[in-house]
There are 2 protein chains.
Amino acid sequence: MPADRGQAAGRPTISEVAAEAGVGRATAARTLGGYGYVSPELRERVLAAAAKLGYRTNALARSMSTGVSHTLGVIVADIGNPFFAGVVRGISDTSRARGFDTIVLSTYEDLDEEVAATNVLIDKRVDGVIIASAAVDRGEVAHIRAAMDRGIPVVLVDRAIASLDLDAVVIDNRDAAREAVEMLIAAGHRRVGFVWGPPAAEAPATRRGLLTEASRNLWTDGERLRGYLDALDDARIPFDPELVMVGRKTEERATQEVARMLALPDRMTAVFCTETDAVTGALRALRAAGLSCPRDIALIGFDDSSWAAVMEPPLTMIEQPVHQLGAKAAEVLLDTFEGAEPRREMHTLRSRLVVRSSVAPPPGA
Amino acid sequence: MPADRGQAAGRPTISEVAAEAGVGRATAARTLGGYGYVSPELRERVLAAAAKLGYRTNALARSMSTGVSHTLGVIVADIGNPFFAGVVRGISDTSRARGFDTIVLSTYEDLDEEVAATNVLIDKRVDGVIIASAAVDRGEVAHIRAAMDRGIPVVLVDRAIASLDLDAVVIDNRDAAREAVEMLIAAGHRRVGFVWGPPAAEAPATRRGLLTEASRNLWTDGERLRGYLDALDDARIPFDPELVMVGRKTEERATQEVARMLALPDRMTAVFCTETDAVTGALRALRAAGLSCPRDIALIGFDDSSWAAVMEPPLTMIEQPVHQLGAKAAEVLLDTFEGAEPRREMHTLRSRLVVRSSVAPPPGA
DNA sequence: CTGTTAGCGCCTTCAT
DNA sequence: ATGAAGGCGCTAACAG
């Protein structure tokens, strides 16, 4: 065995502190661990010895014997994405305040990565997991079930999974989308584009086909699509598959698709974008077509930002409570550690439609 | 002792797997841990038993005995900030690919938080630390020294600390700023504003005072300020303290300060912004003043984004290689684990000036 | 109130 | 090639 296995230079242990202080190991452990009773005198001596040696508790060893790691696992699609970065910040702010640290793993929407990430967290013995899962089908949630079976509390964030009966913290995607599209319709628009929908290879011709496709994909996208259809239905505007973008979700494709919708015989006069990249993609298409917003085309999109406010025109956007989303998820999870019974329900946070100037009546009105 | 201390439901240990397979614990440990020699037959039996019981290795226990946690600690100002989110993504992508997970802590530029974060990482026995430190003075780096003294390799990212003799991965802030300001000057501008500088309570009247102030604060800000001054010097344009913003760095204050500079008798005709929020703040001021970019005022800023490209006009911006910044830092750190000698040098990554249309000659030209 | 003792699950020498 | 035994640093019963 190497001389310093697990015991690198300058890493005194409780035993050494005890020796230095001339007390038993348990006494040192008690004062350093902050539990049990210890007389003031000995306490002082232990503290002095610890300070002298520069003692720092070994959280690994502590976790080994307590079975608690004071660490939360977080699984999201992409920590580099401002949306998830905000959620993660919410999670780490509130968990840190309650003594927990976080290990964050990105999956890039790949299910295999998600399974691997879950295993890493299980192996590292995190006390709980918060996950924005890409899983939808009943068959794709085995890894989440595995964690639960091992007694690890799990909370879903951003995306609910119906078949799972877990606490989920999400926003009112469907209502938010409906409200936005309603505003477009109220301004007089009847040709409203939807960018973007489910990543189907081909655009389903029917509304039913589209919804089926949506239910096989990201929960948020499906909800937003439903909100869009809700608004159309309420206004008795027929659904036109030509006006919804499906397929790979990239800014470039959004630009192409919006250009296509703009070129339709019965031209689109308003766009609803479900993500930031969809908004910038749409804006590029407008510019390329020499169209001006809101005179020629109205626009509302998801995910407000400072940029949206300084655009010309200032953009009407949906603001998601990203930080709160993470904070609430962490709270729900941490509460179970304090004995709170998991309520296994959907916690829906409200988004906010920030009205600015990107909506006006359609050209002919 | 509670019956299941550290041994919750459904968490078989190596001993149980060994029993199930009818072999010794060491044999099970060897095959499950992937080390040592084990005959194919026994190997199979162990694997089968492990699969049957749903065995997952306990990384904590492994770390206890090996002294290696396969975890990196990351300390940044704010994981919710897109810049750091990008850096963190770079770090976790490359460390994950090499078998390491990350614990990320935000300090919000608070030194006490930074010290606390460092201690958390020491306690959790991370194998190395990557830090974008807010420390500058020799007196503020004790916590980093403490980590080093405990044998934990440390790599600085985004911000160098001269007094520390560590590997640092940064971008060419000074050159980037100079190049941008040079472009402004080349277009004919002589009244170039700088938003924002060091958070001094009051604007130092002299150039020297400003630099002193800057050296007491964030390294990046100081470098960018130097680049600005470099460009001014080369063009023999006198430095005017009225044209640099100091103090709290918020979007609102940027707006106020730019408004002030715009109202100067000898009006500013170009602005250089060192951060995204400074850019949007400046843009608000322009709009409020009814000025148009680039006709009335030219602008260049740090941190390119999709938004900058769809602005009217499209903005000329400096693109930082955020992902690469993190990736390189992780590489340098991970390499030391494979025995590479830390080179303790500054690794400077190149930024890129993305030229678009926000720069034109000043009004009178 | 304090010290002794026995684990937590794994890795690793040391015999066999 | 395999098994037995000890230790990583800490917590937690238990005895004193």
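Each chain gets a letter, A, B and so on, in the order the sequences are listed, and its residues count up from 1.
The Ser65(A) side chain lies nearest to dG9(D) when the options are dG9(D), dT2(D), dC10(C). In this structure, of dG9(C), dA12(D), dC11(C), it is dA12(D) that holds the atom nearest to the side chain of Thr66(A). The side chain of Ala26(B) has dG3(D) as its nearest neighbour among dG3(D), dC8(D), dT2(C). Here the nucleotide nearest the side chain of Arg25(B), chosen from dG6(D), dG3(D), dC8(D), is dG6(D). Comparing atom distances between the Tyr35(A) side chain and each of dA12(D), dC10(C), dC8(D) picks out dA12(D) as nearest. With dC10(C), dG3(C), dC8(C) as the choices, the nucleotide that has an atom nearest any side-chain atom of Ala61(B) turns out to be dC10(C). Nearest nucleotide to the Leu42(A) side chain, out of dC10(D), dG9(C), dT2(C): dT2(C).
A close approach under 4.0 Å does occur between a side-chain nitrogen or oxygen of Tyr55(B) and OP1 or OP2 of dC10(C). At the phosphate of dG3(D), OP1 or OP2 sits under 4.0 Å from a side-chain N or O atom of Thr27(B).
Sorted by first then second residue, the side chain to side chain donor-acceptor pair (under 3.5 Å) pairs that include residues 27-36 of chain B, not counting sequence neighbours, number zero.
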- Message: I'd like to know whether Arg343(B) forms a salt bridge (Lys or Arg N to Asp or Glu O under 4.0 Å) with Asp167(B), so could you lay out the CA-CA distance, the side-chain angles of the two residues, the decisive distance to 0.1 Å, and finally the verdict.
- Response: CA-CA 6 Å; Arg343(B) 307 182 48 189; Asp167(B) 276 297; over 6 Å; no

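Judged by distance alone, with hydrogens and angles left aside, Arg30(B) brings a side-chain donor or acceptor within reach of the base of dG3(D), the pair sitting under 3.5 Å.
Atom pair Tyr37(A):OH and dA12(D):P shows a separation of 14 Å (rounding to whole Å applied). The distance from atom CG of Leu32(B) to atom C1' of dG9(C) is 12 Å, rounded to the nearest whole Å.
Judged purely by atom type and a 3.5 angstrom limit, Thr71(A) has no side-chain atom pairing as donor or acceptor with the backbone of Val126(A). At least one donor-acceptor pair under 3.5 Å links the side chain of Ser133(A) to the backbone N or O of Ala135(A).
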